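Read the structure below first, then the notes.
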Amino acid sequence: MDLGLKNKIAFVAASSQGLGKAVALELAQEGANLIICGRNKESLGKAKDEIQRISSEEVLALDGDLSIAAEREQLIKKTLQVHTHIDILITNSGGPPTGKFEDFKENDWDKAYKDMLVSAVGLVNGFLPGMKQQRWGRIIAITSQAVKQPVNNLVLSNSVRASVAGLMRTLANELAVYNITVNNVMPGYTETERLKKLIETSPSFESAKAEIPLGRFGRPEEFAAAVTFLASERASFITGVSLAVDGGWIKGMF
Ligand SMILES: NC(=O)c1ccc[n+]([C@@H]2O[C@H](COP(=O)([O-])OP(=O)(O)OC[C@H]3O[C@@H](n4cnc5c(N)ncnc54)[C@H](OP(=O)(O)O)[C@@H]3O)[C@@H](O)[C@H]2O)c1
C-alpha cells in the first residue's frame, strides 16, 4: 500500500528517543520530511543522524523545551523559517513521574499540565494556520493507555492525559471542515527508556507484562506503524479515534 507520505512535512514532538523517535523513523522511511525536537542536544544529534541515514531530505533537529512557552514558540518559528507549513503534527511529551495522589503538590500538577496539555495546545496553535491554508492536515497525539484505564501509581498521567484526549476529540469535530484529521494514539507498555525507568523506580511495572494478553511489552516500531498509518493519505476518513497499541491491556470493550 502506498501511504502517500512522500514529501509530506512532519513535526514530531519529543522525538530524540523512544516512541517519538520511532515515529519519526517510520515517517522518514515513507519519504516524509522530518522535524524532530528534544531538550538534550547530544541525544537529539544522535537521533538526527539515525533518521538522516534513511531520509533523502535534510532532517531538521531543534533543541528546546516544549513545556516552556518561549522555547516552544522558537521551535515553531524555526520550523516555519525552513518550511512554509507542516502537514503532519505529532504531539508528544516526556512522561510524568510515578506516584499516588498524596505524593504530589500543586507545582507537580502545574508541570504535568504544561508538559502534556499546554505543549500540545501550543503546537496546534502554531501549525494550524498552515494546515488550514493547505486544506490538508494530520494531528495525532501520543498519550497513553491511561486514557481508557488508569495505570496504578501514575495519577498525574491518568488525570492529564484524559484532557489531551478531550482536546483531540474536540479538534476532530472543529477541524474536519478543513480536511484536517485529528486522532489520539494510546501506547501501552512499550520498550523505551521511559519504561526502563518506570521499572527501576517501581518494580510492579515489570509484572504488568502478565496483564497483557499478548504476553509481552510492545516494541516502539509497532507503535510507530499505527501512528504512521493514521498520518497517511490512506487514513483520510479516520478522525476522532483513540487507538490503543497495547497488546490488549485495556480490558474495556470500547
Ligand atoms: N513507553 C511506554 O511504555 C509508554 C506507555 C504509555 C505512555 N507513554 C508516554 O508516551 C510518551 C513518550 O514515551 P517514551 O517511552 O518515548 O519516553 P522516553 O523514552 O522518556 O522519551 C521521551 C522523549 O521526549 C523528550 N522530551 C521529554 N520532555 C521534553 C520536553 N519538555 N520538551 C521537549 N522534549 C522532551 C525526550 O528528550 P529530552 O529528555 O532530551 O528532552 C525524549 O526524546 C511519554 O509521555 C510517556 O509517558 C509511554
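Start at 1 and go down the list; that is how both ligands and their atoms are numbered. This is a predicted model, so every value here is computed, not measured. Position 1 is the first residue of the sequence; numbering continues from there.
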### Task
Would you mind running through ligand 1 and noting each atom that sits below 4.0 Å from a heavy atom of Ser16?
36 (C), 37 (O), 40 (O), 42 (C), 43 (O)

### Message
Tell me whether ligand 1 is touched by Pro220 - counting only heavy atoms on the residue side and a distance under 4.0 Å.
### Response
no

### Task
Could you list the atoms of ligand 1 found under 4.0 angstrom from a heavy atom of Pro187?
5 (C), 6 (C), 7 (C), 8 (N)

### Arg194, any N or O under 3.5 Å of ligand 1 N or O
yes

### Query
Is there a heavy atom of Val151 sitting under 4.0 angstrom from any atom of ligand 1?
no

### Message
Just to be sure I read this right, does ligand 1 sit under 4.0 Å from the backbone of Thr143, its side chain, both, or neither, counting only heavy atoms?
### Response
backbone

### Message
As an exercise, identify every atom of ligand 1 less than 4.0 angstrom from a heavy atom of Ser144.
### Response
6 (C), 7 (C)

### Summary
In terms of its nearest heavy atom to atom 20 (O) of ligand 1, the top option of Glu193, Glu42, Gln17 is Gln17

### Query
Atom NE2 in His85, atom CD in Gln133: separation rounded to 0.5 Å?
9.0 Å

### Query
With a 4.0 Å cut-off on heavy atoms, does Met116 reach ligand 1?
no

### Task
Out of Val164, Leu19, Leu154, indicate the one that has the non-hydrogen atom closest to atom 13 (O) of ligand 1.
Leu19

### Message
Regarding ligand 1, does Ile142 bring an N or O atom to under 3.5 Å of one of the ligand's N or O atoms?
### Response
no

### Query
ligand 1 and Thr190, any nitrogen or oxygen pair closer than 3.5 angstrom?
yes

#### Entry: Ligand-side contact atoms (ligand 1) for residue partner Gly18, heavy atom cut-off under 4.0 Å
16 (O), 19 (O)

### Task
Mark up the atoms of ligand 1 that fall under 4.0 Å of a heavy atom belonging to Gly188, in ascending order.
2 (C), 3 (O), 4 (C), 5 (C)

### Query
Where the closest heavy atom to atom 26 (N) of ligand 1 is concerned, which of Ser119, Ala14, Cys37 has it?
Ala14

### Query
Taking the minimum heavy-atom distance to atom 38 (P) of ligand 1, which of Lys111, Arg39, Lys21 ranks first?
Arg39

### Message
To check your reading of the model: name the closest protein heavy atom to atom 44 (C) of ligand 1, its residue, and the distance in Å.
### Response
Ser93 O, 3.1 Å

### Query
Who's the nearest protein heavy-atom neighbour of atom 33 (C) of ligand 1, and how far?
Gly64 O, 3.4 Å

### Task
Establish, from distance only, whether the side-chain atoms of Thr143 and Asn184 form a donor-acceptor pair under 3.5 Å.
yes

### Task
Go through the steps for Ser163 and Tyr113 under the test side chain to side chain contact (heavy atoms under 4.5 Å, CB included), then give the verdict.
CA-CA 9 Å; Ser163 66; Tyr113 157 80; over 6 Å; no

### Query
Does a side-chain N-to-carboxylate-O contact under 4.0 Å join Glu58 and Lys48?
yes

### Task
Taking all non-hydrogen atoms of both residues into account, name the closest pair between Asn179 and Arg138 and its distance.
O-NH1, 4.3 Å

### Message
Could you identify the single nearest non-hydrogen protein atom to atom 40 (O) of ligand 1 and state the distance to 0.1 Å?
### Response
Asn40 N, 2.9 Å

### Task
Tell me whether the guanidinium CZ or amine NZ of Lys8 lies under 6.0 angstrom from the six-membered ring centre of Trp136 and within 45° of its axis.
yes

### Query
Relative to Phe217, does Lys209 satisfy both conditions: NZ or CZ under 6.0 angstrom from the six-membered ring centre, and within 45 degrees of the ring's axis?
yes

### Query
Of all the non-hydrogen atoms in the protein, which one sits nearest to atom 31 (N) of ligand 1, and at what distance?
Asp65 OD1, 2.7 Å

### Query
Among side-chain atoms of Glu211 and Trp249, is any donor-acceptor pair under 3.5 angstrom?
yes

### Query
Same cluster or not: are Ile36 and Leu123 linked, directly or through other Ile, Leu, Val, Met, Phe, Trp or Tyr residues, by side-chain heavy atoms under 4.5 angstrom apart?
no

### Task
Kindly work out whether a path of hydrophobic side-chain contacts (I/L/V/M/F/W/Y, heavy atoms less than 4.5 Å apart) joins Val185 to Leu34.
yes

### Message
Please list the nearest protein heavy atom to atom 15 (O) of ligand 1 with its residue and the distance rounded to 0.1 Å.
### Response
Thr192 OG1, 2.5 Å

### Query
Can you tell which of Val147, Thr91, Thr239, Val241 makes a side-chain contact (heavy atoms from CB on, under 4.5 Å) with Met168?
Thr91

## Note on the structure
So CG of Asp103 and CG of Leu156: to nearest 0.5 Å the spacing works out to 9.0 Å

### Query
Going by the atom numbers of ligand 1, which of them fall below 4.0 Å from some non-hydrogen atom of Gly95?
44 (C), 45 (O), 46 (C), 47 (O)

### Query
Near Arg161, which atoms of ligand 1 are under 4.0 Å from a heavy atom of that residue?
9 (C), 44 (C), 45 (O), 46 (C), 47 (O)

#### Entry: Heavy-atom closest contact (Phe205 atom, Asn152 atom, distance)
CZ-O, 3.9 Å

#### Entry: Same apolar cluster: Val118 and Ile139, side chain cutoff 4.5 Å
yes

### Query
Which heavy atom of the protein is the closest neighbour of atom 12 (C) of ligand 1, given with residue, atom name and distance?
Asn92 OD1, 3.4 Å

## Note on the structure
One finds that the ligand 1 atoms under 4.0 Å from a non-hydrogen atom of Tyr189 are 3 (O)

#### Entry: Shortest protein heavy-atom distance from atom 32 (N) of ligand 1, along with the residue and atom involved
Leu66 N, 2.9 Å

#### Entry: Closest protein heavy atom (residue, atom, distance) for atom 34 (N) of ligand 1
Gly38 CA, 3.6 Å

### Query
Thr192 and Thr190: side-chain donor and acceptor closer than 3.5 Å?
no

### Query
In terms of side-chain geometry, is the basic nitrogen of Lys114 or Asp110 positioned less than 4.0 Å from the acidic oxygen of its partner?
no

